[in-house]
Enquirer: 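Dropping a structure here in structure tokens format, bear with me for questions.
Keep in mind it's a predicted model, so treat the numbers as computed, not measured.
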Amino acid sequence: MNMLPESPRVLALANQKGGVGKTTTAINLGTALAAIGEKVLVIDLDPQGNASTGLGIERRDRGLSTYEVLSGDCSLAEAVRETTVQRLWVAPSTMDLLGLELEIASTTDRAFRLRAAIEALSKSRLFQEIGFTYVLVDCPPSLNLLTINALSASHSILVPLQCEFFALEGLSQLLSTVEQVKNALNPELSIHGIVLTMYDSRNNLSSQVVADVRETMGDAVYDTVIPRNVRISEAPSYGKPVLLYDLKCAGSQAYLRLASEIIQRERELRRVAA
């Protein structure tokens, strides 16, 4: 009898502020994890669908999406698409997600739709064939029902923070939401880490923000800092992660370091749990 692979680790990438590099991190962290041998599924829960576009899935080719998954019209396995990156898959999103909250607001399982979909995926033929090891959920830039679904379904949350003056503004609100979800919906939820993005070494403010965030959040902040890099900005217009667009650029190398750091943290978490 074939044994099902272990369930994947589910990480939600969330920050209610827009423009912090959340989707960019989902795309490129997923690619970096795949590059070092992990089998990764990116679930696009943002109605803007930028993670899907950045992974080469055109809007006209989306077919079944996370909207159909969360509305109950198809399984997650049916929505999963291959990308051009080896060992990386995506469940794309469409603008239909904008109406989902109203559609499911009165249902008793409204906060657990994604959790149920991932659990069903873990028992599916597709999962038996592929054996996903990581699921990255790209959340919308708001603390709405889509984000609550992601937090309810995840083991941990990864928080991208832009190296700007108001970086810490709103973080307390996000952490409060995480605590509420942990208490009410998902006792296992934890902060996996905070990744500082768009760092400009020529800017004194960037260095000050890094120092302030590390002082405030301590070990929760990853050692890896993602630089502001023109190659990272250019890559999505070609429908490619930056690692495929320019592997040697500073942005690509930073995401590879971040992937290694995340895997190291996962090892430590498993050791503590054991």
Side-chain angles (χ1 to χ4, degrees), residues 8 11-15 18-70 74 76-98 121 126 130 132-141 146 150 158 160 162 195 197-198 224 226-259 262:
L11 306 181
L13 284 84
N15 190 327
V20 298
K22 177 180 52 59
T23 296
T24 300
T25 298
I27 292 169
N28 292 302
L29 174 59
T31 303
L33 286 166
I36 56 181
E38 302 294 335
K39 294 178 180 178
V40 184
L41 171 62
V42 173
I43 297 178
D44 192 347
L45 274 199
D46 189 340
Q48 297 176 76
N50 291 335
S52 308
T53 304
L55 288 170
I57 311 297
E58 297 288 343
R59 292 187 187 278
R60 63 179 179 273
D61 298 329
R62 303 266 160 107
L64 296 173
S65 70
T66 50
Y67 167 76
E68 281 81 16
V69 173
L70 296 185
C74 79
L76 183 53
E78 290 174 300
V80 168
R81 301 280 302 276
E82 285 187 79
T83 72
T84 55
V85 181
Q86 192 175 8
R87 294 186 294 274
L88 180 64
W89 291 258
V90 63
S93 82
T94 63
M95 295 293 282
D96 292 337
L97 274 178
L98 286 169
L121 176 70
L126 179 72
I130 295 173
F132 298 111
T133 54
Y134 281 90
V135 173
L136 305 181
V137 187
D138 186 33
C139 299
L146 291 170
L158 190 158
Q162 185 179 356
V195 57
T197 63
M198 304 183 198
T224 303
I226 309 299
R228 187 177 291 279
N229 180 250
V230 68
R231 295 306 214 182
I232 293 178
S233 302
E234 291 172 350
S237 64
Y238 293 89
K240 291 181 178 181
V242 70
L243 280 87
L244 289 192
Y245 182 60
D246 185 351
L247 177 60
K248 294 182 179 179
C249 76
S252 293
Q253 294 303 306
Y255 277 114
L256 285 168
R257 288 194 300 275
L258 179 63
I262 283 171

Enquirer: Taking Asp61's backbone N and O only, do any of them form a donor-acceptor pair with Arg81's side chain (distance below 3.5 Å, no angle check)?
Expert: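 Yes; at least one donor-acceptor contact below 3.5 Å.
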Enquirer: Can you confirm whether the side chains of Ser93 and Asp46 place a donor and an acceptor under 3.5 Å from each other?
Expert: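 No, because no side-chain N or O of Ser93 sits under 3.5 Å from a partner of the opposite role on Asp46.
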Enquirer: About how many Å separate CD of Glu78 and CG of Leu121, when rounded to the nearest 0.5 Å?
Expert: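 Going from CG on Leu121 over to CD on Glu78, the span is 11.0 Å.
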Enquirer: First locate atom CG of Leu158, then atom CG of Leu13, and finally report the distance between them rounded to the nearest 0.5 Å.
Expert: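 Answer rounded to 0.5 Å: 4.5 Å.
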Enquirer: Would you mind reporting whether Thr53 and Arg62 have side-chain heavy atoms less than 4.5 Å apart?
Expert: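 They are in side-chain contact.
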Enquirer: List the steps, then state whether side chain to side chain contact (heavy atoms under 4.5 Å, CB included) holds for Arg228 with Gln162.
Expert: CA-CA 10 Å; Arg228 187 177 291 279; Gln162 185 179 356; 3.5 Å; yes
Enquirer: Do Leu146 and Pro47 have side-chain heavy atoms sitting under 4.5 Å apart?
Expert: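 In contact.
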Enquirer: Can you tell me how far apart CZ (Arg59) and OG (Ser65) are? Round to the nearest 0.5 Å.
Expert: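 With rounding to 0.5 Å, CZ (Arg59) is 11.5 Å from OG (Ser65).
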Enquirer: With under 30° as parallel and over 60° as perpendicular, where do the rings of Tyr245 and Tyr238 fit, or are they tilted in between?
Expert: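 Correct class here is parallel.
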Enquirer: Taking Thr31 for the side chain and Ile27 for the main chain, is one N or O donor matched with an acceptor at less than 3.5 Å?
Expert: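 Yes; judged by distance alone, with no hydrogens or angles, the pair exists.
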Enquirer: Using every non-hydrogen atom in the two residues, find where Ala79 and Pro92 come nearest and quote the distance to one decimal.
Expert: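 In terms of heavy atoms, the two residues are closest at O-CD, 3.4 Å.
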Enquirer: Is a side-chain N or O of Thr23 found less than 3.5 angstrom from the main chain of Ala51, in a donor-acceptor match?
Expert: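 Between the backbone of Ala51 and the side chain of Thr23 there is no qualifying donor-acceptor contact (under 3.5 Å).
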Enquirer: Could you check whether any side-chain N or O of Lys22 sits under 3.5 Å from a backbone N or O of Asn15, counting only pairs where one atom can act as donor and the other as acceptor?
Expert: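 Answer holds: no.
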Enquirer: Before giving the answer on side chain to side chain contact (heavy atoms under 4.5 Å, CB included), spell out for Ile232 and Ile226 the whole-Å C-alpha distance, their side-chain angles and the decisive distance to 0.1 Å.
Expert: CA-CA 10 Å; Ile232 293 178; Ile226 309 299; 4.0 Å; yes
Enquirer: Answer whether the closest heavy-atom distance between the side chains of Leu45 and Leu70 falls below 4.5 Å.
Expert: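 A side-chain contact under 4.5 Å exists here.
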Enquirer: Would you kindly say whether Thr25 and Tyr255 are connected by a side-chain donor-acceptor distance under 3.5 Å?
Expert: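 Checked: Thr25/Tyr255 side chains pair up, N/O donor to acceptor below 3.5 Å.
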Enquirer: Rounded to the nearest 0.5 Å, what's the gap from CG on Leu55 to CG on Leu244? Could you check?
Expert: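 Interatomic distance, Leu55 CG to Leu244 CG, rounded to 0.5 Å: 9.0 Å.
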Enquirer: Give the minimum heavy-atom separation between Ala26 and Val42, together with the two atoms involved.
Expert: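 Distance-wise, the nearest heavy atoms are O-CG2, 4.0 Å.
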Enquirer: Please check this pair: side chain of Gln253 against backbone of Ala250, looking for a donor-acceptor N/O pair closer than 3.5 Å.
Expert: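 Not confirmed, Gln253 side chain does not pair with Ala250 backbone.
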Enquirer: Does any part of the side chain of Tyr134, heavy atoms only, come nearer than 4.5 Å to the side chain of Leu29, both counted from C-beta?
Expert: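 Answer no - side chains too far apart.
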Enquirer: If I compare all heavy atoms of Leu76 with all of Ala91, which pair ends up nearest, and what's the gap?
Expert: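 So the two residues come closest at CD1-CB, 3.8 Å.
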Enquirer: Given side chains that start at C-beta, do those of Ile43 and Val69 come closer than 4.5 Å, heavy atoms only?
Expert: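 No, their side chains stay 4.5 Å or more apart.
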Enquirer: State, yes or no, whether a side-chain contact exists between Cys249 and Asn229 at a heavy-atom distance under 4.5 Å.
Expert: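 In short, these two side chains touch, coming nearer than 4.5 Å.
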Enquirer: Pro241 pairs by side chain to side chain contact (heavy atoms under 4.5 Å, CB included) with which of Thr24, Thr83, Leu247, Val85?
Expert: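 The residue from Thr24, Thr83, Leu247, Val85 that satisfies side chain to side chain contact (heavy atoms under 4.5 Å, CB included) with Pro241 turns out to be Val85.
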Enquirer: Does a donor on one side chain and an acceptor on the other come within less than 3.5 Å for Asp44 and Ser52?
Expert: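 Present: a donor and an acceptor within the cut-off.
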Enquirer: Among Val90, Leu97, Thr94, find the one that has a side chain to side chain contact (heavy atoms under 4.5 Å, CB included) with Thr66.
Expert: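 Testing each of Val90, Leu97, Thr94 against Thr66, the sole residue satisfying side chain to side chain contact (heavy atoms under 4.5 Å, CB included) is Leu97.
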Enquirer: Are side-chain heavy atoms of Lys39 and Trp89 found at a separation under 4.5 Å?
Expert: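 In short, these two side chains touch, coming nearer than 4.5 Å.
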Enquirer: Take Val135 and Val137, measure what side chain to side chain contact (heavy atoms under 4.5 Å, CB included) needs, and give me the verdict at the end.
Expert: CA-CA 6 Å; Val135 173; Val137 187; 4.2 Å; yes
Enquirer: For residues Gly30 and Val40, report the shortest heavy-atom separation together with the two atoms involved.
Expert: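 Looking at all heavy atoms of both residues, the shortest contact is O-CG2, 3.8 Å.
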Enquirer: Measuring from atom CG of Asn28 to atom OG1 of Thr197, what distance do you get when rounded to the nearest 0.5 angstrom?
Expert: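 Answer for the CG-OG1 pair, Asn28 versus Thr197, is 12.0 Å.
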Enquirer: Measure the CG-NZ distance between Asp246 and Lys240 for me, rounded to the nearest 0.5 Å.
Expert: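 If I round to the nearest 0.5 Å, the distance is 10.5 Å.
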